[in-house]
Q: 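Next up is a structure, given as structure tokens.
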Amino acid sequence: MTRQVAGALAVVAEVHVITPEGATTRTSLDSVFTLHHLGSPIDRSAELRRDLLVEAVSDTGHVDDPVVLDEVGKLLDQDLIDPWLAASDLLVGLRPDLAVIVGHQNLGARAAIDRHLPDLPVTLMALGTSSVSVGFPHFAEMFARAHSVLAVTDSERRSILDHHAGTGAVHRIGAPLAANASALSEPNTWVGDTGYVLVLTGVQNHGEHHENELSRLLRLRFPDTPVGISHTDAFCAWHGGRVNEGWPIERSSDLARLMAWARVTVDLRPGTFFARRCVDSLLYGTPIVVPHDSRAREHAERGWGGLWFESPGELIWCVEALLEPSAHDTFGAQGRSYAEDEYGSTDRFIDRVAGACGLPSAAATVGATA
């Protein structure tokens, strides 16, 4: 998503991407922008410690205790600020008109900007996958510093506004996606063109895992309808109580083919960012069924391209409803229209990103540096 935003900005401005990653300090041209490696990568364990601390303190209910937050803040920032130190001098040399910080937890990037350029306009790309993290007080200064905030989905935008009502304008930018036409050339050989139910879930045989129980429920409830279950470690095609088991679906093109020929896509573990697989399914006119508390619900609800469930009984009802021909066709058409309007246009995405950052649209080329 970061690359997509950088690419959109590169249409209307000169873009430099700064990252602490890399074994050495170096600068290179990466497609349409210049990439600067600081050579001081952030240790993944430091990010993991930060995330665990945020969850732990939030669970205790002491998120508003200033003493707790002061002590925890030191641990949250440990080993995450210093890797960005070298960015300060680099920014002074680049003399940017705008800085886009990627990630609301990225306090090191904000510190690097404010060290020498405290008045530089900042846009924050929140990457708000967790409402707990978005609302954690330690990161409030990131939203307060931003002149504008980028959110990919409307539910992410609402989550930010719920926790930071006084922040700058929060813009939903969507994402540029398109259906892969080759996926429609022929169906997957395991399930064919059978009007099957496609289930996306986790590891096969993971004890009494809730997702596996729901997958089992679906194949038992619809014995006369082929059910293709895409586990992370296998693909199982069930029909009439029998199963054909194959290799896991690892290539995006193979998953696209499965969604394109399915009657319904049931995503039991949609992504926490913007549930891309669900948007992809809708682009092929295949309705979706998703958990009620997931980021994917927005795609089912806003575009009426699917249904959402809270209980096993509701899951069965949702699938039954969407297998019915008239409901399937209606939801499929509505979902495709929504996905194409919201995510199917690269030009609209570029204009949304540029507008949210305070830059002219692609129709008016500017010489700004971001």
Side-chain angles (χ1 to χ4, degrees), residues 179-205 209 211-270 275-291 294 296 299-300 305-309 312-336 339:
N180 182 353
S182 66
L184 296 168
S185 60
E186 59 180 349
N188 176 284
T189 55
W190 289 97
V191 284
D193 181 13
T194 57
Y196 55 90
V197 175
L198 174 64
V199 182
L200 307 179
T201 185
V203 178
Q204 187 184 20
N205 302 324
H209 197 278
E211 293 175 14
N212 283 338
E213 291 301 303
L214 293 178
S215 300
R216 181 172 180 271
L217 178 63
L218 285 170
R219 66 177 175 79
L220 291 176
R221 174 60 184 82
F222 301 102
D224 297 327
T225 300
V227 177
I229 304 177
S230 180
H231 299 278
T232 54
D233 58 345
F235 180 74
C236 301
W238 290 87
H239 193 198
R242 297 183 177 182
V243 61
N244 288 321
E245 186 171 335
W247 298 105
I249 306 300
E250 297 178 334
R251 296 190 306 179
S252 59
S253 58
D254 291 334
L255 180 58
R257 180 173 287 107
L258 278 170
M259 292 188 293
W261 291 85
R263 191 74 175 168
V264 179
T265 296
V266 180
D267 196 341
L268 297 179
R269 52 164 50 195
R276 172 174 179 160
R277 295 184 307 197
C278 293
V279 178
D280 285 336
S281 181
L282 294 178
L283 284 169
Y284 293 108
T286 302
I288 58 175
V289 176
V290 299
S294 68
H299 307 314
L307 299 170
W308 52 95
F309 67 93
E314 287 184 359
L315 170 61
I316 294 301
W317 178 85
C318 289
V319 175
E320 285 178 342
L322 293 178
L323 286 176
E324 197 276 324
S326 62
H328 167 273
D329 294 346
T330 298
F331 278 82
Q334 290 173 166
R336 177 184 286 142

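Numbers here are sequence positions counted from 1.
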Q: Mind checking side chain to side chain donor-acceptor pair (under 3.5 Å) for Asp267 and listing every partner two or more places apart, or none if nothing turns up?
A: Arg277
Q: Any idea which heavy atoms bring His231 and Thr201 closest together, and the distance?
A: ND1-CG2, 3.4 Å
Q: Determine whether a donor-acceptor pair (N or O, by modelled atom type, separation under 3.5 Å) exists between the side chain of Trp261 and the backbone of Ala183.
A: yes
Q: As an exercise, state the distance from CG of Asp280 to CG of Leu258, rounded to the nearest 0.5 Å.
A: 12.5 Å
Q: Mind running side-chain contact (heavy atoms from CB on, under 4.5 Å) on Val289 and Thr265 for me, showing each step along the way?
A: CA-CA 6 Å; Val289 176; Thr265 296; over 6 Å; no
Q: State which residues pass side chain to side chain donor-acceptor pair (under 3.5 Å) with Ser294; sequence neighbours excluded, sorted by chain then number.
A: none
Q: Tell me every residue that passes side-chain contact (heavy atoms from CB on, under 4.5 Å) with Pro248, counting only those two or more places apart in sequence or in another chain.
A: Glu250
Q: Can you tell me how far the CD atom of Glu211 sits from the OG1 atom of Thr232, to the nearest 0.5 Å?
A: 9.0 Å
Q: Quick one: list whatever passes side chain to side chain donor-acceptor pair (under 3.5 Å) with Glu186, sequence neighbours left out.
A: none
Q: Report yes if some heavy atom in the side chain of Phe222 is under 4.5 Å from a heavy atom in the side chain of Ile316; otherwise report no.
A: yes
Q: Would Tyr196 and Thr225 satisfy side-chain contact (heavy atoms from CB on, under 4.5 Å), going step by step from the backbone distance to the final call?
A: CA-CA 6 Å; Tyr196 55 90; Thr225 300; 5.6 Å; no
Q: Looking only at side chains, do Glu324 and Ser326 share a donor and an acceptor under 3.5 Å apart?
A: yes
Q: Return the minimal non-hydrogen interatomic distance between Leu283 and Ala339, and the atom names on each side.
A: CD2-CB, 3.6 Å
Q: Under 3.5 Å, side-chain donor or acceptor atoms of residues 240-247 against the rest of the protein: list the pairs with distances, not counting sequence neighbours.
A:
none

Q: Could you state the interatomic distance from OG (Ser230) to CD1 (Ile249), rounded to the nearest 0.5 Å?
A: 5.5 Å
Q: Using 0.5 Å steps for rounding, measure from the CZ atom of Phe331 to the CG atom of Leu307.
A: 4.5 Å
Q: Keeping the roles fixed (side chain from Thr330, backbone from Ala327), state whether a donor-acceptor pair exists under 3.5 Å.
A: no
Q: Could you work out, with side-chain contact (heavy atoms from CB on, under 4.5 Å) as the rule, every residue matching Asp224, not counting sequence neighbours?
A: none
Q: Mind checking what makes salt bridge (charged side-chain N to carboxylate O under 4.0 Å, His left out) contact with Arg216, not counting sequence neighbours?
A: none
Q: Considering only heavy atoms from C-beta outward, does the side chain of Val319 approach that of Val197 to under 4.5 Å?
A: yes
Q: What verdict does the side-chain contact (heavy atoms from CB on, under 4.5 Å) test give for Leu200 and Leu255, after you've listed the backbone C-alpha separation in whole Å, the side-chain angles of each residue and the deciding distance to 0.1 Å?
A: CA-CA 10 Å; Leu200 307 179; Leu255 180 58; 3.8 Å; yes
Q: Please report the closest heavy-atom contact between Cys318 and Phe309, naming both atoms and the distance.
A: SG-CB, 4.3 Å
Q: Indicate the atoms forming the closest heavy-atom contact of Ala237 with Trp190, along with that distance.
A: CB-O, 3.8 Å
Q: Kindly write out the residues that satisfy salt bridge (charged side-chain N to carboxylate O under 4.0 Å, His left out) with Asp254, not counting sequence neighbours, or none if the list is empty.
A: Arg251, Arg257
Q: Distance from Leu315 atom CG to Leu214 atom CG, nearest 0.5 Å?
A: 5.5 Å
Q: Please determine whether side-chain contact (heavy atoms from CB on, under 4.5 Å) holds for the pair Phe235 and Val191, giving the CA-CA distance in whole Å, both sets of side-chain angles, and the decisive distance to 0.1 Å.
A: CA-CA 10 Å; Phe235 180 74; Val191 284; 4.1 Å; yes
Q: For Glu320, enumerate each residue passing the side chain to side chain donor-acceptor pair (under 3.5 Å) test, keeping only those at least two apart in sequence or located in another chain.
A: Arg221
Q: Could you pull out all residues at least two apart from Ala275 that satisfy side-chain contact (heavy atoms from CB on, under 4.5 Å)?
A: Pro270, Cys278, Ala296, His299
Q: Using side-chain contact (heavy atoms from CB on, under 4.5 Å) as the criterion, list what pairs up with Arg336, not counting sequence neighbours.
A: Glu340
Q: Do Val264 and Ile288 have side chains that approach each other closer than 4.5 Å (heavy atoms only, starting at C-beta)?
A: no
Q: Please check this pair: side chain of Asn212 against backbone of Val203, looking for a donor-acceptor N/O pair closer than 3.5 Å.
A: yes
Q: Would you name the heavy atoms of Gly285 and Pro287 that are closest together and state the gap between them?
A: O-CD, 3.5 Å
Q: Please name all residues satisfying salt bridge (charged side-chain N to carboxylate O under 4.0 Å, His left out) with Arg263, sequence neighbours left out, ordered by chain then number.
A: none
Q: If you look at every heavy atom in Gly202 and Asp233, which pair is closest and at what distance?
A: O-OD1, 4.4 Å
